[in-house]
Amino acid sequence: MHKDSGSKQPHLQHPQKSARHGLAYEVIDVDAFDDTVVEAGPSNVGTATTRQPDYDSVKRTPSPSKSERITKTRPVRDEGAVLRPKIESVPLETPKYGPLIVSPSVFEVDSRVWPPNKTIPYSLLAHALSTLTTTRSRITILNILTNTLRVILQAHPPSLLPALYLLSNTLAPAYDSVELGLGYSVILKAIQHVSGLSSGALKRLYTKTGDPGDVAFEAKSNVRTLVPHPPLLITGVYESLVQISKAKGPGAAKQKQSLVEKLLVAAKGEEVRFLVRTLFQNLRVGAVRTSILTALARAMVMTPPASIRDSIAADSPYYASDDLVAAVKHNPLNRLSEKFTNAERLLKQVYVQHPNYGHIAKALAEGGLEGLPDRVPFTVGIPLLPTLGSPTRSLDEIYDRLEDLPFAAEFKYDGQRAQIHGWKNAPDGSVAVKIFSRHLEDMTEKARISTSLTSYLFFSDSNLESLIMDTEIVAIDPGNGDLRTFQELSNRARKDVQVNEIKVVVCVFAFDLLYLNGQVILQEPFRARRSLLRSKFPPVIPEWRGAARLDHVKSVDSEAGRDAVEEFWQEAVESRVEGLMVKLLDSGQVLTDPSDKKDRPRRKPLPATYEPDKRTAAWLKLKKDYVTGLGDSLDLVPIGGWHGNGRKHQWWSPILLGLYNPALGKLVAVCKCMSGFSDVFYKALTEKYADGSENCSRQNLWDVETGGTPQVYFKPQEVWEIRGADVTVSPVSVAALGLVSDSRGLSLRFPRFMKVREDKSIEQASTPDFLAGMYRSQQGKGGKGEGVDDGDLLDASMESEPEESEIDLSDS
DNA sequence: GGTGTCTGCCC
DNA sequence: ATTCTGC
DNA sequence: GCAGAATGGGCAGACACC
């Protein structure tokens with residue numbers, strides 16, 4: 001559910017026929033049973049949660065059928081070996097857990113609850129996650145996670161890796177492309193099947209809670225299982241998820257659903273909530289990745305696994321002796337925090353260069369923290385997390401932040417980030433290439449053409465042994481090399497790419513070099529890395545027009561003077577690029593607070609090294625659409641909305657926005673928007689358009705034209721300024737339909753709310769003609785390449801383009 | 001076999 | 001991607 | 001300033017359904 005809740009998702013709008021396929025269950029009328037029925041019993045995990053089951057929405061179901069009201073579900077087939085403990089028997093009762101929400105210095109792993117080498121029940125994680133939801137304090141969150149991992153490290157180290165995956169909403173390293181292939185549809189069918197509730201009841205629960213895990217928890221609290229299930233184990237749940245990910249081919253959806261149902265049937269109490277959140281890959285407990293790494297480091301400091309305990313040196317910078325732990329109870333300001341800091345820095349450094357929990361968990365079990373970077377090293381073929389840029393809003397701001405430190409300003413192309421690895425294999429000298437996306441997915445196959453280019457680099461330079469390059473892959477015109485749009489790049493095939501069937505020609509714009517011939521060069525300043533990149537890898541324009549080109553990003557250095565930089569920015573604005581990336585060339589020092597005008601302002605070091613996983617202040621991005629007056633602004637009317645999820649569940653979010661079509665006197669939907677609203681604004685908005693009030697209806701009362709169907713319609717009455725990066729040709733939008741394409745409308749990329757236009761009435765909102773003009777004006781820039789090429793675009797040359805002054809309505 | 005739905009992943 | 005929020 | 005959360009448009013591919 002973390003992805004989309006609008007028209008693309010059913011959003012529980014289409015009641016499902018009650019699913020009775022897959023694993024056969026008997027749905028049993030609850031009235032047929034009395035309290036003597038064997039019950040799994042409410043688990044005693046999650047004592048910290050304050051949520052209580054609320055049957056309201058179930059009771060309010062209009063004339064519920066018996067079977068959908070309160071039911072029991074009895075599995076009539078074997079529950080599947082995956083969920084069964086394989087080695088030793090595990091007691092059916094959930095263990096009594098002590099509180100995890102205490103300082104690690106006073107927390108003790110209770111050996112009565114946790115005898116060594118017993119597999120750990122999933123209920124420990126559910127308990128931990130449930131405890132996490134009671135706080136927003138970073139310190140407390142870290143304490144809870146640290147204590148949880150200490151239990152695992154002491155009692156059953158083999159559970160560590162699956163626990164890390166379950167806590168981090170992942171199944172495998174990103175570059176291993178393991179996917180659950182589960183989403184809204186399958187999971188809700190499974191919940192429906194297991195709970196026996198109608199889809200209408202689930203829909204009401206979902207609207208109320210805004211969380212599928214909460215829906216499952218409440219739905220299942222109505223169900224009492226007849227057969228007590230052995231407890232879910234951390235290892236077992238993880239294995240089940242892997243099973244789900246492996247279901248492929250015809251019948252896969254049913255197979256996945258059946259595996260989900262087995263998990264749901266076996267889950268008790270809070271386990272249900274977090275299991276379902278895990279299936280949605282959105283745990284929503286305030287801990288994603290950094291917190292988990294930090295907690296793992298701290299857990300290792302305090303409770304190293306037995307396998308390495310004997311080999312710990314007394315003077316280790318990482319491990320806390322029993323004496324130290326005892327001392328910290330009386331004097332918190334001792335060296336424990338120093339050890340935490342050391343361990344965190346070490347573990348994070350290792351992870352960002354080798355993001356693989358499997359390798360890290362194994363190395364920790366075998367040798368602990370000491371020497372970890374040697375056992376989990378930087379490795380060509382394994383992606384490192386990329387450096388990211390911080391947004392800025394003007395060149396002035398950039399000069400304020402970097403002062404007179406030299407920098408390079410580079411074109412920021414609108415393509416796809418690609419980290420290219422290439423190396424020669426030792427035995428036969430064959431060349432291997434891997435290409436990774438910004439989020440470290442392996443896209444070698446999709447980027448076959450860039451893979452060939454990389455191989456070519458090795459063939460043309462026999463001294464080349466290995467490389468890792470940071471690049472942007474951009475669609476280009478094969479004839480003249482003109483830049484093409486992101487949308488066109490997206491048309492590339494992603495699987496089974498045949499080199500002789502290339503439809504989208506690309507240029508690989510290289511902008512950084514991280515590794516060369518066995519040498520890690522992250523620690524070199526950008527000037528040195530760039531110089532190596534330029535000298536070792538000159539541009540390549542192959543003769544065959546379908547082949548990928550290699551080029552360097554267009555750039556200018558600040559040493560050329562501010563006028564040259566200003567001019568370069570103007571060039572970027574006029575070309576089909578997103579803007580500039582400004583990068584510090586040499587490490588230096590900058591003001592802590594550029595607006596601070598004191599005599600002796602504080603300064604902080606600013607390294608020009610490659611900083612994996614950092615949104616560094618040494619890389620500043622300046623995008624056209626951040627700059628007032630340059631981006632595409634539309635004045636749109638809020639015409640509908642959806643119930644939000646998670647922290648926004650009490651508000652309308654996203655909001656559907658419309659253009660005003662003066663010819664029809666009607667509003668036409670363009671896009672949804674969920675960004676740019678403050679909580680205060682949401683609150684006021686949700687009150688103004690209160691569900692059921694005269695301003696808000698389930699029916700399309702005000703006759704607006706919508707592509708999809710919002711959950712509610714708003715009475716059109718106000719105008720908002722909405723900023724976007726680009727106008728896109730949309731397969732779903734009905735806005736400006738027929739003006740640019742007969743079959744497709746127009747929409748907005750990266751829409752966000754700027755402000756209410758108090759001065760405008762809805763008749764003064766932007767029109768379809770205006771939007772179409774904006775699109776054409778955008779197409780006119782940066783060469784002649786057409787952004788969309790499937791023949792249904794209308795000839796723009798006959799239409800008038802709006803004057804530049806008409807484009808920006810943001811201020812007048 | 002064609003169309004629609006769902007999912008994951010680019011930005 | 002963008003943006004907001006709490007710590 | 002970091003970390004986390006909510007969710008935008010839009011594409012290909014896999015599968016479900018008819």
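The sequence lines fix the lettering, A, B, ..., with proteins before strands; numbering per chain opens at 1. Small disclaimer: the values here were computed from a predicted structure and weren't measured.
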Checking all strands, does [X] fall into the base, sugar-phosphate, or nothing category for heavy-atom contacts under 4.0 angstrom?
X         : answer
Val504(A) : nothing
Lys614(A) : nothing
Pro731(A) : sugar-phosphate
Arg401(A) : nothing
Leu182(A) : sugar-phosphate
Ser291(A) : sugar-phosphate
Phe677(A) : sugar-phosphate
Ala725(A) : nothing
Tyr626(A) : sugar-phosphate
Leu748(A) : sugar-phosphate
Lys604(A) : sugar-phosphate

**Prompt:** What do you reckon, are the aromatic ring centroids of Phe681(A) and Trp651(A) less than 6.0 Å apart?
**Reply:**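 No, too far apart.
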Selection from [options] that lies nearest to any side-chain heavy atom of [X]:
X         : options                  : answer
Gln487(A) : dG8(D), dC10(B), dG10(D) : dG10(D)
Pro654(A) : dT2(C), dT7(D), dG4(D)   : dT7(D)
Asn491(A) : dC4(C), dA12(D), dC11(B) : dA12(D)
Lys621(A) : dA1(C), dG1(D), dT5(C)   : dA1(C)
Arg744(A) : dA6(D), dC11(D), dG9(D)  : dC11(D)
Arg752(A) : dT5(C), dC10(B), dT2(C)  : dT2(C)
Ser675(A) : dC9(B), dC11(D), dT3(C)  : dT3(C)
Asn645(A) : dC11(B), dT7(B), dT7(D)  : dT7(D)
Ser747(A) : dA5(D), dG9(D), dC10(B)  : dG9(D)
Arg284(A) : dC4(C), dA6(D), dG4(D)   : dA6(D)

Would you tell me whether [X] and [Y] have side-chain atoms, one donor and one acceptor, within less than 3.5 Å of each other?
X         : Y         : result
Thr294(A) : Lys348(A) : yes
Ser168(A) : Thr170(A) : yes
Gln416(A) : Lys446(A) : yes
Asn645(A) : Tyr206(A) : yes
Ser177(A) : Glu179(A) : no
Thr140(A) : Ser137(A) : yes
Ser291(A) : Arg138(A) : yes
Ser633(A) : Glu721(A) : yes

Can you tell me the distance, in whole Å, between the [atom1] atom of [X] and the [atom2] atom of [N]?
X         : N       : atom1 : atom2 : result
Met674(A) : dT5(C)  : CE    : C1'   : 13 Å
Ile722(A) : dG8(D)  : CD1   : C1'   : 11 Å
Ile141(A) : dC7(C)  : CD1   : P     : 9 Å
Arg277(A) : dA6(D)  : CZ    : P     : 9 Å
Asp726(A) : dC10(B) : CG    : P     : 20 Å
Glu179(A) : dT7(B)  : CD    : P     : 12 Å
Met581(A) : dA1(C)  : CE    : C1'   : 14 Å
Lys446(A) : dA12(D) : NZ    : C1'   : 9 Å

Taking only N and O in the side chain of [X], is any of them less than 4.0 Å away from OP1 or OP2 of [N]?
X         : N       : value
Thr728(A) : dG10(D) : yes
Arg393(A) : dT3(C)  : yes
Tyr682(A) : dC4(C)  : no
Ser730(A) : dG9(D)  : no
Thr290(A) : dG4(D)  : yes

**Prompt:** Would you write out the dot-bracket form of DNA chain B, 5' to 3', with Watson-Crick and G-U pairs under 3.5 Å, [ ] for crossing pairs, | for pairs to other strands and . for unpaired bases?
**Reply:** |||||||||||
**Request:** Fit a plane to each ring of Phe280(A) and Tyr184(A), take the angle between them on a 0 to 90° scale, and name the class: parallel (under 30°), tilted (30 to 60°) or perpendicular (over 60°).
**Result:** perpendicular
**Request:** Take the angle between the ring planes of Phe509(A) and Tyr413(A) and call it parallel below 30°, perpendicular above 60°, tilted in between.
**Result:** parallel
**Message:** For Trp642(A), does the six-membered ring have the charged nitrogen or CZ of Lys672(A) within the cation-pi criterion, i.e. under 6.0 angstrom from the centroid and within 45° of the normal?
**Reply:** yes
**Request:** Identify, between Asp625(A) and Ser137(A), the residue whose nearest nucleotide on DNA chain C lies closer to the 5' end.
**Result:** Asp625(A)
**Asked** 5'-most contact on DNA chain C: Leu388(A) or Arg647(A), nearest heavy atom basis?
**Response** Leu388(A)
**Item:** Under 4.0 Å protein heavy-atom contact, by nucleotide of nucleotides 13-18 of chain D - B base, S sugar-phosphate only
**Value:** SSSS--
**Prompt:** Given side chains that start at C-beta, do those of Val637(A) and Leu657(A) come closer than 4.5 Å, heavy atoms only?
**Reply:**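 Sidechains of Leu657(A) and Val637(A): no contact.
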